[in-house]
Amino acid sequence: MVPAQTQTRRADPSRPSPLDRRSGVPLYHQIQQRLIEQIQSGELKPGEPLPSIERIATRMGVSQMTVRQAVRALCDLGVIYSRQGKGTFISSIKLERDFRQVLSFTEETEARGARPSSTVLSFRLQEATQQVKEALMLAEGEPVFTLRRVRYGNSMPMGIECSFLPALLCPGLMESYDPTTSLYEELAEHHGIQMMVTDEVIEVGKASAEEGRLLHIAAKAPVFLFTRISYMEGGMPAEFVKSVYPGERYKVVNRLMRGKREPLSTPMTLARITGTDLH
């Protein structure tokens, strides 16, 4: 006969469902996703302390070392942060924008261990505006495909993207492409278009009422405004994108390198450069 205490524990809906040890997905990654889901649902709120390593390990039925691995990964993503001597706390989820590589939203999101998805706001063929025409170097009257989507990471709205592509470059796009999937994969596999170089400009602005509603943020909340032109290998522009990303969910990552300068090897060299007599 099963003890009453065990029966009660098994029936307790507050206990998390067991981790899937046969799925091939690492346990620490499953824990990471569970914690993200609890943050998104409001069970764990920004500013509140994360449950202790010991408590999470007990609830999930794993070792404390596995939980620490998940916690480190969440710190790297900016989902949680540590205060020395005070503990670990919940922050707003931030997705990195890495300017060292040309990556699609889908590729960036998957690289951070999140699940990408999209909601299509509009997808149509239309005449290019003056701004789009100049960015893509289009002839007068040349049409473009316009795809506007809300992009999600783990079901959280991370940004609004509006992509413009020359219709002559990818004919039949509207018939062959599922706009909820990766645009870059479609362009590469069915139209031979590879984005090799990107010019991107970042500005700071405030969310409009519509953008706030779509992104689940307040109107006039701070947002990043991205304007991007992507080029194929031969230098032809293939995509113009205008995007809006909530400032509270994104951080910009870049690496700057200082060029090497030849050392001033002798006092005479220095004297010739500066025009100063050192003797």
Side-chain angles (χ1 to χ4, degrees), residues 36-37 39-42 44-47 74-81 89-124 128-132 134-136 144 146-165 179-180 182-184 195 198-230 239-256:
I36 287 176
E37 289 168 4
I39 293 169
Q40 291 175 340
S41 69
L44 297 174
K45 296 179 173 57
L74 291 176
C75 282
D76 290 341
L77 286 170
V79 176
I80 60 178
Y81 61 96
F89 298 84
I90 312 299
S91 65
S92 299
I93 295 177
K94 288 181 178 283
L95 185 67
E96 292 184 0
R97 285 302 303 269
D98 189 340
F99 290 95
R100 293 164 288 188
Q101 301 181 71
V102 179
L103 296 175
S104 68
F105 176 88
T106 298
E107 291 167 332
E108 276 189 345
T109 305
E110 289 177 342
R112 305 297 172 225
R115 184 180 63 257
S117 59
S118 300
T119 295
V120 179
L121 301 175
S122 61
F123 186 25
R124 58 179 179 266
T129 64
Q130 186 63 30
Q131 183 188 28
V132 174
E134 291 176 1
L136 295 176
V144 292
T146 303
L147 174 60
R148 188 166 183 252
R149 296 178 288 179
V150 180
R151 313 306 301 273
Y152 297 86
N154 287 338
S155 300
M156 174 177 285
M158 301 301 295
I160 303 169
E161 285 187 352
C162 189
S163 300
F164 304 89
L165 302 110
T180 62
S182 172
L183 177 60
Y184 278 21
M195 306 300 182
T198 290
D199 291 329
E200 192 156 39
V201 177
I202 313 170
E203 299 175 281
V204 176
K206 296 181 179 180
S208 67
E210 183 208 21
E211 290 164 348
R213 177 176 57 80
L214 292 172
L215 296 173
H216 302 173
I217 58 176
K220 298 186 178 180
V223 292
F224 288 117
L225 306 174
F226 289 86
T227 303
R228 183 177 74 227
I229 303 174
S230 296
E239 181 193 34
F240 177 58
V241 183
K242 299 185 73 173
S243 307
V244 180
Y245 294 107
E248 66 182 28
R249 293 175 201 159
Y250 261 85
K251 59 181 176 181
V252 175
V253 177
N254 205 352
R255 173 178 291 177
L256 305 178

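Computed over heavy atoms, backbone and side chain alike; hydrogens, waters and symmetry mates excluded.
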(Q) If I take atom CD from residue E203 and atom CZ from residue F226, how far apart are they, to the nearest 0.5 angstrom? (A) 11.0 Å

Q: Starting at CZ of F164, measure out to CD of E239 and round the result to the nearest 0.5 Å.
A: 10.5 Å

Q | Pairwise distance OG1(T129) to CZ(F240) - rounded to 0.5 angstrom | A | 7.5 Å

Q: Nearest 0.5 Å please: distance from the CD1 atom of I229 over to the CG atom of L136.
A: 7.0 Å

Q) How long is the gap from CG on L225 to NZ on K242, to the nearest 0.5 Å? A) 8.5 Å

Q | A218 versus A207, closest heavy-atom pair with distance | A | O-CB, 4.0 Å

Q: Name all pairs fulfilling the side chain to side chain donor-acceptor pair (under 3.5 Å) condition that reach into residues 211-225, sequence neighbours left out, sorted by first residue then second.
A: S208-E211

Q. Atom OH in Y245, atom CG in L215: separation rounded to 0.5 Å?
A. 10.0 Å

Q: Report the residues that fulfil salt bridge (charged side-chain N to carboxylate O under 4.0 Å, His left out) with E210, sequence neighbours left out, ordered by chain and then residue number.
A: R148

Q | R149: salt bridge (charged side-chain N to carboxylate O under 4.0 Å, His left out) partners, not counting sequence neighbours | A | none

Q | Partners passing side-chain contact (heavy atoms from CB on, under 4.5 Å) against A128 (at least two apart in sequence or in another chain) | A | V132, K133, L138, V144

Q. What is the minimum heavy-atom distance between I217 and V223, and which atoms define it?
A. CD1-CG1, 4.0 Å

Q: Write down the atom of S118, the atom of P179, and the distance for their closest heavy-atom approach.
A: CB-O, 4.4 Å

(Q) According to side chain to side chain donor-acceptor pair (under 3.5 Å), who are the partners of T180, at least two apart in sequence or on a separate chain? (A) D178

Q: I would like to know whether L214 and V244 meet side chain to side chain contact (heavy atoms under 4.5 Å, CB included); could you show each step before the answer?
A: CA-CA 11 Å; L214 292 172; V244 180; over 6 Å; no

